[in-house]
Structures are given as structure tokens and as C-alpha cells.
Number of protein chains: 2
Amino acid sequence: MLTDRQLLIFQVIVNDFIRSAQPVGSRSLAKKEEIQYSSATIRNEMADLEELGFLEKTHTSSGRIPSEKGYRFYVDHLLSPQKLDKRDVNSVKSIFAERIYELEKIVQRSAQILSELTNYTSIVLGPAVKDNKLKRIQIVPLNEETAIAIIVTDTGHVENKIFSLPPNIDPGDIERMVNILNSRLTNVPLEDLNGKIYKEVAILLKQHIHNYDSMLSSIADTLKIPANDKLFFGGKTNMLSQPEFHDIEKIKNLMNMIEDEEDMYEIIRKNPSGIHVKIGKENKNTAMENCSLITATYSMGAEQLGTIAILGPTRMEYSRVIGLLQILSHDLTTVLTKLYQNK
Amino acid sequence: MLTDRQLLIFQVIVNDFIRSAQPVGSRSLAKKEEIQYSSATIRNEMADLEELGFLEKTHTSSGRIPSEKGYRFYVDHLLSPQKLDKRDVNSVKSIFAERIYELEKIVQRSAQILSELTNYTSIVLGPAVKDNKLKRIQIVPLNEETAIAIIVTDTGHVENKIFSLPPNIDPGDIERMVNILNSRLTNVPLEDLNGKIYKEVAILLKQHIHNYDSMLSSIADTLKIPANDKLFFGGKTNMLSQPEFHDIEKIKNLMNMIEDEEDMYEIIRKNPSGIHVKIGKENKNTAMENCSLITATYSMGAEQLGTIAILGPTRMEYSRVIGLLQILSHDLTTVLTKLYQNK
DNA sequence: TGTTAGCACTCTTTCATAACGAGTGCTAAA
DNA sequence: TTTAGCACTCGTTATGAAAGAGTGCTAACA
């Protein structure tokens with residue numbers, strides 16, 4: 001469709017704009033050494049590229065900036081195989097340098113490094129808890145009326161919830177119940193717990209425990225814990241430094257969205273595996289219409305665990321960010337697989 | 001020191017400026033019904049108040065705004081006994097309407113309501129964990145090499161940490177160790193745990209457990225958990241709506257500070273009990289020089305637990321915010337005392 | 001036929017200037 | 001002691017001119 005010359009010019013314009021955030025004019029292009037044509041020729045090509053929808057003008061006599069369609073084309077067809085800066089690679093590797101055991105800490109640190117490297121905002125959806133398998137249930141009575149239920153998963157994740165005890169409960173009953181729960185539910189994925197409790201465990205409890213029904217509903221309720229997986233952020237305020245966000249109103253919308261867990265969860269959830277780029281209005285959210293979101297997934301073995309994302313202006317360093325996400329998601333997957341595979 | 005008329009004029013100026021964020025001129029003051037003097041008289045008084053340091057001008061011929069000294073005087077001497085709006089009172093009461101068991105949830109919700117009512121940013125320092133007493137220690141092995149230590153406190157707070165096991169550990173040893181720890185350490189305040197472990201528990205472990213020394217250091221290390229108490233925020237982005245933060249640079253500084261847990265912790269920590277107001281530069285942090293911070297403490301019984309704070313512009317609704325904090329800290333204290341006093 | 005030089009035109013940015021309004025400080029009169 | 005009046009200051013807004021960056025188009029060129 002496009003001639004080689006058009007491709008060249010388009011690519012240089014996009015790169016230039018990504019770097020400078022200023023509309024690119026024909027004269028400044030003609031001065032570049034990789035472009036040997038006169039400004040008039042370039043003007044003609046730019047007019048064509050605009051007609052095709054890849055470029056835009058901010059006003060009648062301004063230079064050109066890439067349109068969303070332009071960015072889309074750039075991302076899909078013009079990104080050369082990523083050659084990452086060595087420093088970037090080293091920075092990512094450094095995340096895994098110290099021996100950390102907690103999955104969450106690794107994830108948290110990834111988010112932080114990513115935002116520092118890019119000066120954009122990073123969002124990491126923590127490991128999906130619902131696929132974790134139950135390692136142990138524990139109930140600790142706090143006083144006559146309340147107790148705390150604690151569940152530990154095979155990945156070392158801990159959840160807890162306080163619930164109220166039925167009056168005059170026998171401590172022995174609690175202990176028996178915990179034993180039954182553990183013997184029957186160990187290694188069951190958290191999302192299956194609830195079903196299994198009513199199908200298999202209820203019968204057993206009925207045989208051994210007084211007052212089992214009021215207890216059971218408390219416990220079952222408690223085990224419904226893993227509602228949303230945890231979100232981690234890095235560089236929440238980085239977008240304030242981007243020149244496209246000089247406007248307070250825009251910033252307010254964006255920051256409000258970032259602060260709203262629900263919104264962010266909606267945006268980053270259920271990503272198909274691999275790397276994906278959403279540009280400008282491709283993100284449904286109006287607060288993000290000047291933003292691009294790049295997501296990558298990470299896994300443990302064959303099981304997809306979570307998502308890493310970078311939120312930046314549409315004028316984003318796509319090449320570099322994609323490179324960073326690729327290497328990070330790969331490394332995360334490798335480390336996690338090694339660390340927890342031998343359960 | 002000040003005449004009654006000066007007091008009246010000063011108070012009206014402050015109230016007007018808090019409402020409108022605009023410098024207050026003599027003519028607009030003269031129009032108010034509570035002020036019966038001519039604009040010229042008021043001008044003279046304003047000149048005097050400025051000389052005394054209570055008022056400032058933004059430029060030669062502008063109206064007056066309160067100086068920091070002025071706000072300080074206003075807060076210390078001019079705040080009438082707080083008459084709170086009924087809706088405000090009801091909103092605060094609503095926090096405690098549902099029966100919630102988790103202390104953290106109550107605190108979290110308080111922060112949220114507070115920020116919604118005021119349109120400022122609220123910061124709540126969660127209950128000091130170090131004063132909690134140990135209810136139970138649990139150790140759950142995850143695999144051959146790692147285990148997770150869980151501690152539960154008397155207030156239902158749960159902390160956990162993964163640590164590495166010495167090679168070839170005997171499961172029976174772990175169980176014996178947990179029993180010893182629980183029998184010896186239950187009801188010990190968290191901050192005393194470490195000392196007590198080495199003084200009393202080490203000897204016992206030596207008698208009963210193989211390999212006790214390498215285990216002990218792991219455990220002791222694990223129990224050093226409660227580093228910082230948890231911070232909760234409400235309305236982090238509210239300051240973006242305040243007219244004094246039209247300047248992107250100011251916003252960036254402020255938001256960066258709010259996002260930095262260390263900074264915030266430093267600012268809100270170790271507050272003497274009661275309500276305190278820090279105005280403008282009285283806050284050492286330069287990002288806060290256009291802000292005021294009002295803090296209040298809450299307790300459980302006689303034991304001071306944490307701090308609630310509101311961060312707003314120096315042009316803050318002092319009267320209302322102080323009133324809100326008073327009633328909230330009082331109610332929090334009451335509820336918490338009732339809920340957990342009967343341990 | 002593709003490329004380029006040249007020129008008229010457009011639009012933004014910057015600067016200077018003027019007019020207006022809000023507000024002050026000071027003086028003199030009530 | 002209070003107030004009316006007036007000159008003065010400063011910020012805000014509108015206007016216009018000039019400069020600069022960039023475009024589109026036409027005509028000439030290789």
C-alpha cells in the first residue's frame with residue numbers, strides 16, 4: 001500500500017514526535033540525514049499520508065503528528081525487532097537478583113522498576129488467587145463471640161477474615177471442624193472450595209459437630225474471600241510530567257481513574273496471553289483517550305497468573321516499552337515457575 | 001491586643017476567603033450586614049491588621065488574604081465552639097452503622113467518608129500493631145525448603161512472612177517448636193517478642209528441638225514484622241480540585257509526597273493525643289507549604305492507637321474539619337473500646 | 001514523470017498598548 | 001473618630017502588529 005519512501009518518512013515522523021512531543025514539519029525532516037529529499041517532496045508525501053489517515057495536523061499550518069490509526073500501523077508493522085538497551089536489560093534482571101520468597105514482593109518490585117525505567121505508570125495485576133490451592137485452614141478464636149479464619153495457599157498467599165461465632169460454642173468442636181476441613185479441602189483450588197464444602201464437607205460435619213449449620217455458613221462465607229486479585233502500581237504520578245497533560249482537567253480525570261481500583265481492575269483484567277497494545281480511544285474509558293495501554297501476561301508453568309501493564313501517553317515509546325515488557329514477563333514466568341513448580 | 005472591631009473584620013475576612021478563595025476588598029466587606037462601617041474605615045483597619053502581620057496582599061492594590069500568622073490566630077482564638085451540621089454528624093455515625101469486625105475496615109472507611117465530606121485528602125494511621133498482644137503463632141510448611149509463619153494478634157490483626165527452612169527438618173520439631181512458642185509468647189506485646197524469644201524461649205528450644213539455632217534466627221527474624229503501621233488514604237486526588245493548585249508543578253510535588261509512604265509516615269507519626277493544626281510552613285515539608293494538616297488521635301481504652309489527619313489547603317474550613325475530627329476520633333475510640341476491651 | 005524552488009497564505013506565538021475595574025492609601029471634611 | 005473623595009497601582013482583558021513556522025500550489029527542472 002505505502003511506498004518505501006512513505007514508510008520511511010512516516011516512521012521518522014513518528015519517532016521524532018515520540019521524542020519531542022512537537023508537531024513535525026517538512027523542513028526539519030529534510031535536514032535529517034536519513035532523508036535525502038527536499039522539503040517540498042516531503043510535503044507532498046505528508047499530504048498523501050494525511051489523506052490516508054496516518055497523520056494529522058493540529059491546525060492548518062502546523063507540522064504533522066501521528067493519528068491513532070498511524071500509531072496502530074506503526075505498532076503493527078513498523079516496530080523493528082526490539083533491540084533493548086543493555087541498561088534496561090540489567091535493570092530488569094536486577095529485580096530477581098535478591099532472593100525473595102514472596103510472590104507479591106517480586107510483583108510489587110517489578111511494577112516499581114518498570115515505572116522508573118519508563119517514566120510512565122505501571123500497573124501489575126497480582127497472581128490470580130482463585131487458582132491457588134488450599135494448603136491449610138486455621139481458625140483462631142479471639143474471644144467468646146468472634147474468631148478469625150486464616151487460609152494459606154500453596155504459593156504462600158495468606159487470607160484472613162474475622163467472623164462471629166455461634167454462642168456457647170465448644171472449643172473442641174472448633175478443633176474437630178478445622179481437622180475435617182483440612183483433611184478434606186487441602187489441595188483444592190480456592191475457587192472450588194465453596195462448592196466442595198456444601199457437597200462433601202457438610203455431611204461430615206453433621207456427624208461430628210454440634211451446631212454445625214450455623215458454623216458452616218460462617219465458614220463458607222469466610223472462604224469466599226478472593227474477590228479481586230491485588231493490583232500493584234508504580235509511578236502513579238509520572239503522567240503529571242508528560243507534556244500532553246498540561247491540562248488540569250485531564251489530569252484529574254486520569255488520576256481519579258488510576259485511584260479507582262474498580263476502574264483499573266476492569267481495564268487490566270482478562271487479557272489474552274501475550275503482548276497487546278491499546279491506543280487512545282481503543283481504550284473505552286474516556287479518561288484514557290490520550291493514553292495507550294500495553295499489557296503483557298506472565299505465567300507459572302502452563303498456568304497464566306497475572307498481567308503487567310504500562311500506561312503512557314499515546315505518544316509512547318512503544319518499541320522500548322514492548323521490549324521491556326517482553327523480557328520482564330519472560331523472566332517473571334521463568335522465576336515463578338522455578339520457584340513454585342515443585343510444590 | 002486587637003479591638004473588637006478588628007477582630008470582627010478579621011474574622012469576616014478569613015471566613016469569606018475560606019469560602020471564595022478570592023482576596024477580600026474593603027467595599028465587599030462594607031456591604032455585609034454584620035459590618036456597619038464604611039469601606040474607608042475598613043481600609044484603615046485592614047492596614048493595621050496587615051501591619052500586625054495577620055493579613056497580606058497578593059499585590060499592591062489587591063484585597064487582603066489571611067497570612068499564616070493570621071490563620072494561626074484564627075484557629076487558636078477565633079474558632080467558636082463547633083456547631084456541626086447535622087448531615088455531617090450523621091455521615092460520621094454511618095461509619096459505625098454496619099457491624100464490622102475488622103479494625104482495619106473501620107479505619108479505612110473512616111478515611112473515605114472523611115475525604116468525601118470535606119473534599120480534602122484524609123490520611124489515617126492504622127492501629128499501632130506493636131502494642132497488640134500475640135494471640136497465636138502458626139507455622140505452615142509450603143515445601144521442603146520454605147515455610148510461612150503467621151501471627152495473629154488479640155485485635156484480629158494477621159501478619160505473615162515466608163522464610164526458608166533448614167535442610168532436612170523434622171516435621172515433629174516444627175510442631176513442638178510452635179507449641180513452645182505459643183505457650184510462652186501468648187499475650188506478649190509484639191514489640192517485646194524479640195527480646196523474650198532470646199531470653200526465655202531459646203533455652204527451652206535447646207532442650208527439645210534439634211537444629212534449634214538455625215530455626216530460631218529464622219523465626220526471630222520473622223517476628224520482627226511490624227515495621228510501619230499501615231496508612232490509609234481517602235480522596236488522594238481531591239487537592240487537584242482546589243483552586244490554589246492550578247500550578248502543575250505544585251501538584252506534582254504534593255502528589256509525589258502523598259504517594260510516598262515514607263514521607264507520609266514521617267508526617268503523621270508520633271502525634272501527641274488530641275487535635276493539632278499545622279499551618280503552611282509549620283509543616284516542614286516544602287511540598288506542603290500551601291497546605292494545612294489537622295491531626296487527631298484515637299484510642300482503645302487508655303491506649304493510644306493511631307492518628308486521623310486531614311490535609312487541605314491553608315485556606316481550609318478549619319472549624320468544620322476540626323469538628324468532624326473531634327466527633328470521629330471520639331466515636332472511633334468509643335467503638336473500639338467497646339469492641340475489643342473484653343479480650 | 002518525478003523532484004524541487006519559490007511564493008502566497010494561514011495560523012500560532014509573542015509583544016506592546018490601551019482601556020477597564022477593583023482596590024488601596026491618603027487627605028480633608030464632617 | 002468616621003467617612004467621602006480622589007489619585008494612584010496593579011491585574012485582567014482586548015486589540016493589533018510583527019515574527020516565525022509551516023503548508024499548498026504552481027511552475028520550472030532533470
Side-chain angles (χ1 to χ4, degrees), chain A residues 1-10 12-17 19-67 70 243-244 246-247 315, chain B residues 2-10 12-17 19-67 70 243-244 246-247:
Chain A
M1 191 78 179
L2 294 187
T3 65
D4 282 356
R5 192 167 69 185
Q6 283 175 325
L7 284 178
L8 174 66
I9 290 175
F10 177 66
V12 173
I13 289 177
V14 176
N15 287 334
D16 203 72
F17 182 68
R19 191 180 43 74
S20 71
Q22 297 298 325
V24 184
S26 57
R27 248 178 70 85
S28 68
L29 273 191
K31 277 184 203 145
K32 307 224 171 208
E33 40 179 51
E34 62 262 50
I35 294 192
Q36 297 289 9
Y37 309 94
S38 75
S39 64
T41 309
I42 294 168
R43 275 203 292 285
N44 290 331
E45 296 289 28
M46 292 204 294
D48 291 349
L49 284 166
E50 180 171 357
E51 203 163 340
L52 290 168
F54 293 114
L55 293 180
E56 284 173 353
K57 285 189 281 197
T58 58
H59 58 88
T60 342
S61 69
S62 76
R64 302 302 207 291
I65 65 174
S67 67
E244 24 273 283
H246 268 311
D247 181 12
R315 184 188 60 78
Chain B
L2 295 187
T3 66
D4 282 355
R5 192 167 69 186
Q6 283 174 324
L7 284 178
L8 173 66
I9 290 177
F10 178 66
V12 173
I13 290 177
V14 176
N15 287 334
D16 202 71
F17 182 68
R19 192 180 43 71
S20 72
Q22 297 297 326
V24 184
S26 58
R27 249 179 68 86
S28 68
L29 273 192
K31 278 183 200 146
K32 306 225 170 208
E33 39 180 51
E34 63 262 52
I35 295 194
Q36 298 289 11
Y37 308 94
S38 76
S39 64
T41 310
I42 295 167
R43 275 203 291 284
N44 290 331
E45 296 289 27
M46 292 205 291
D48 290 348
L49 283 167
E50 181 172 355
E51 203 163 342
L52 290 168
F54 293 114
L55 294 179
E56 284 173 356
K57 284 188 282 197
T58 59
H59 58 87
T60 343
S61 70
S62 76
R64 301 306 207 287
I65 64 173
S67 66
E244 25 271 284
H246 268 311
D247 180 12

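Bear in mind the structure is a predicted one, so any value in this text is a computation, not a measurement.
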Engineer: Rounded to whole angstroms, how far apart are CD on B:Glu50 and C1' on C:dG25?
Structural biologist: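 B:Glu50 atom CD is separated from C:dG25 atom C1' by 11 Å.
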Engineer: Would you classify A:Thr41 as touching base, sugar-phosphate or nothing, given that sugar-phosphate means primed atoms plus P, OP1 and OP2, and contacts are heavy atoms under 4.0 Å?
Structural biologist: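 Base: the residue A:Thr41, judged by heavy atoms under 4.0 Å, touches a nucleobase.
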Engineer: Let me know the distance between CE of A:Met46 and C1' of D:dT23, rounded to the nearest Å.
Structural biologist: 8 Å
Engineer: Over how many whole Å does the gap from B:Leu55 atom CG to C:dT24 atom C1' extend?
Structural biologist: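 Going from B:Leu55 (CG) to C:dT24 (C1'), I get 14 Å.
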Engineer: Would you find more than 12 non-hydrogen atoms of other residues, nucleotides or ligands less than 6.0 Å from B:Glu51 atom CD?
Structural biologist: no
Engineer: Figure out the CD/C1' separation between A:Gln22 and C:dT13, and round it to whole Å.
Structural biologist: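 Going from A:Gln22 (CD) to C:dT13 (C1'), I get 13 Å.
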Engineer: Quick check on D:dT2: is either OP1 or OP2 less than 4.0 Å from any side-chain nitrogen or oxygen of B:Arg5?
Structural biologist: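 Answer yes for this pair, as a side-chain N or O of B:Arg5 is under 4.0 Å from OP1 or OP2.
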Engineer: Is a donor-acceptor contact shorter than 3.5 angstrom present between the side chain of A:Arg43 and the base of D:dG24?
Structural biologist: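 Per atom types, the contact qualifies.
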Engineer: Can you measure from CD1 (A:Ile13) to CZ (A:Phe54) and round to the nearest 0.5 angstrom?
Structural biologist: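 With rounding to 0.5 Å, CD1 (A:Ile13) is 12.0 Å from CZ (A:Phe54).
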Engineer: Whether B:Ser39 contacts D:dT3 is assessed here as follows: a side-chain N or O lying under 4.0 Å from the phosphate OP1 or OP2. Is that the case?
Structural biologist: no
Engineer: Which nucleotide wins on minimum distance to the side chain of B:His59, given the candidates D:dT2, D:dC10, C:dT4?
Structural biologist: D:dC10
Engineer: If I take atom CG in residue B:Asp16 and atom P in nucleotide C:dG23, what distance separates them, rounded to the nearest angstrom?
Structural biologist: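 Rounded to the whole Å, the gap is 11 Å.
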Engineer: Under 4.0 Å: is that the gap between some side-chain N or O of A:Thr60 and OP1 or OP2 of C:dT10?
Structural biologist: no
Engineer: Using a cut-off of strictly less than 4.0 Å, decide whether B:Arg64 has a side-chain nitrogen or oxygen near OP1 or OP2 of C:dG25.
Structural biologist: yes
Engineer: Nearest of C:dT4, D:dT3, C:dT24 to any side-chain atom of B:Lys57?
Structural biologist: C:dT24
Engineer: Taking the side chain as every heavy atom from C-beta outward, state whether A:Glu34 and A:Val12 have any pair of such atoms under 4.5 Å apart.
Structural biologist: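 Yes, their side chains come closer than 4.5 Å.
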Engineer: When only distance counts, do a donor and an acceptor, one from the side chain of B:Ser61 and one from the base of D:dT9, lie under 3.5 Å apart?
Structural biologist: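 Present.
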Engineer: Measure the distance from CG on A:Asn44 to P on C:dT1 and round it to the nearest whole Å.
Structural biologist: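 Spelled out: CG on A:Asn44 to P on C:dT1 is 15 Å.
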Engineer: Taking B:Thr58's backbone N and O only, do any of them form a donor-acceptor pair with B:Ser62's side chain (distance below 3.5 Å, no angle check)?
Structural biologist: yes
Engineer: In this structure, how many angstroms lie between the P atom of C:dC26 and the CD atom of B:Glu51, rounded?
Structural biologist: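 Going from CD in B:Glu51 over to P in C:dC26 covers 10 Å.
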Engineer: How many angstroms lie between CZ in A:Arg43 and CG in A:Asp48, if you round to the nearest 0.5 Å?
Structural biologist: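 These two atoms lie 13.5 Å from each other.
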